[in-house]
Amino acid sequence: MMTRPGKKLLFMGTELAPWSEWNHETSLEWHLLRDDPRRAQLLEFIGRLARVYRERSELWRRDHEWEGFSWISTDDRENSVLAFARRDGEQHSVVAMNLTPIPRRHYRLGVPEACAYRELINSDAAEWAGSGHPTRERVVAEPAPFHGFPQSVELTLPPLSVLVLAPERSA
């Protein structure tokens with residue numbers, strides 16, 4: 001939600017991962033943070049996402065414009081991977097999603113710029129209660145054309161994860 005176009009909404013305690021729907025008759029279930037450390041990790045993850053969202057104008061400035069979003073890969077049915085770029089002028093971020101429980105090693109992804117990319121978000125990181133599958137936190141684009149770009153990177157995509165990458169020059 002934080003990386004795709006459109007306005008964001010966390011509704012009445014969603015960040016607590018409650019078992020039940022919000023009820024206007026009761027208070028939020030804050031005790032869940034104390035009772036289950038994974039919920040506290042989710043809250044920290046959402047906080048990290050919000051900080052990256054605020055710091056990276058390409059994630060919000062052009063929400064309503066075609067120039068703010070472009071697909072990189074939508075046709076990899078075999079691996080169930082989707083990827084897109086968010087843009088604000090020259091600034092951009094790349095989002096790659098592995099929608100399966102199988103890690104994707106040596107996954108090639110075309111990128112808009114020939115530079116190093118740094119991982120800003122890894123939803124599978126152990127600090128967020130993910131599996132902690134190892135990734136490459138920094139990758140350098142190679143002159144290997146892919147996905148319509150003259151350069152590409154080789155990633156490790158953790159299972160059931162989202163990676164957000166930004167050019168190192170602006171990360």
Side-chain angles (χ1 to χ4, degrees), residues 1-19 29 32-33 35-61 63 68-88 91-113 116-141 147 152-168 170-171:
M1 171 183 75
M2 298 300 271
T3 61
R4 57 179 215 231
K7 300 308 170 203
K8 315 310 175 216
L9 174 64
L10 286 175
F11 185 73
M12 301 304 290
T14 303
E15 66 275 19
L16 304 176
W19 292 109
E29 300 176 73
L32 294 173
L33 296 176
D35 297 344
D36 185 351
R38 294 174 302 161
R39 284 187 167 91
Q41 288 172 301
L42 174 65
L43 183 62
E44 288 178 28
F45 175 67
I46 291 172
R48 171 74 176 135
L49 277 172
R51 283 189 298 281
V52 168
Y53 178 80
R54 184 181 62 237
E55 294 165 0
R56 306 288 309 177
S57 65
E58 69 269 23
L59 296 177
W60 49 266
R61 182 164 289 145
D63 267 355
F69 177 91
S70 62
W71 286 108
I72 294 174
S73 175
T74 61
D75 60 352
D76 189 357
R77 291 182 297 256
E78 198 170 298
N79 292 301
S80 293
V81 172
L82 294 171
F84 57 88
R86 293 299 311 272
R87 299 175 185 278
D88 179 22
Q91 188 164 308
H92 72 278
S93 289
V94 172
V95 179
M97 299 178 283
N98 177 3
L99 305 175
T100 71
I102 301 164
R104 304 292 178 198
R105 293 176 185 85
H106 310 292
Y107 192 86
R108 183 141 311 267
L109 185 69
V111 291
E113 192 172 321
Y117 282 81
R118 181 148 320 268
E119 188 177 278
L120 299 179
I121 296 285
N122 172 358
S123 68
D124 184 62
E127 67 185 304
W128 318 123
S131 75
H133 190 85
T135 62
R136 296 173 59 198
E137 293 181 8
R138 182 181 186 270
V139 292
V140 178
H147 293 123
S152 59
V153 294
E154 188 176 278
L155 302 172
T156 296
L157 300 176
L160 299 169
S161 67
V162 176
L163 296 182
V164 179
L165 308 168
E168 195 166 67
S170 62

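Every heavy atom of this structure was used, including side-chain atoms; hydrogens, water molecules and symmetry mates were not.
Residues Glu127 and Glu44 fail the side-chain proximity criterion, which asks for heavy atoms closer than 4.5 Å. By the 4.5 Å heavy-atom criterion applied to side chains, Asp76 and Tyr107 are counted as neighbours. Put simply, the side chain of Thr135 reaches to within 4.5 Å of the side chain of Glu119, judged on heavy atoms. Taking the side chain as every heavy atom from C-beta outward, Val94 and Pro112 approach each other to under 4.5 Å. A heavy-atom distance below 4.5 Å is found between the side chains of Arg87 and Ser70.
Between Glu154 and Arg136, the closest heavy-atom pair is O-NH1, 3.0 Å. Listed here is the closest heavy atom pair of Thr74 and Leu82: CA-CD2, 3.8 Å. Between Asn98 and Pro159, the shortest heavy-atom contact is ND2-CA, 3.8 Å. The two residues Arg86 and Phe69 come nearest to each other via the heavy atoms CD-CD1, 3.6 Å. In this structure, Arg48 and Trp128 approach most closely via the heavy-atom pair CB-CH2, 3.7 Å. Residues Gly6 and Asp63 approach most closely at O-OD2, 3.0 Å, considering heavy atoms.
Shown here is Arg108, whose CZ atom has more than 12 heavy atoms of other residues, nucleotides or ligands within 6.0 Å. Environment of CZ in Arg38: sparse, with no more than 12 heavy atoms of neighbouring residues, nucleotides or ligands closer than 6.0 Å. For Glu55, the CD atom is densely surrounded, since the number of other residues' heavy atoms within 6.0 Å is greater than 12.
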- request: Run the numbers on His133 and Arg105 for side chain to side chain contact (heavy atoms under 4.5 Å, CB included), then give the verdict.
  value: CA-CA 11 Å; His133 190 85; Arg105 293 176 185 85; 3.0 Å; yes

field: Stepwise side chain to side chain contact (heavy atoms under 4.5 Å, CB included) check, Ile121 with Val162
entry: CA-CA 7 Å; Ile121 296 285; Val162 176; 5.6 Å; no

- request: Take Trp60 and Asp88 through the test side chain to side chain contact (heavy atoms under 4.5 Å, CB included) and record every step on the way to the result.
  value: CA-CA 8 Å; Trp60 49 266; Asp88 179 22; over 6 Å; no

task: Report the C-alpha distance between Phe84 and Met97 in whole Å, list the side-chain angles of each, state the deciding distance to 0.1 Å, and finish with yes or no for side chain to side chain contact (heavy atoms under 4.5 Å, CB included).
output: CA-CA 9 Å; Phe84 57 88; Met97 299 178 283; 3.7 Å; yes

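For the atom pair CG of Leu163 and CD of Glu137, the computed distance is 10.5 Å after rounding to the nearest 0.5 Å. Atom CZ of residue Arg4 and atom CE of residue Met1 lie 7.5 Å apart, to the nearest 0.5 angstrom. The distance from the CZ atom of Arg118 to the CG atom of Leu165 is 10.5 Å, given to the nearest 0.5 Å. The CE atom of Met2 sits 10.5 Å away from atom CZ of Arg51, with the distance rounded to the nearest 0.5 Å. The CZ atom of Arg104 sits 4.0 Å away from the OG1 atom of Thr100 when rounded to the nearest 0.5 Å. Here the CG atom belonging to Asp36 is positioned 8.5 Å from the CD atom belonging to Gln41, to the nearest 0.5 angstrom.
Asp124 and Ser161 form no side-chain donor-acceptor contact under 3.5 Å, judged by distance and modelled atom types alone.
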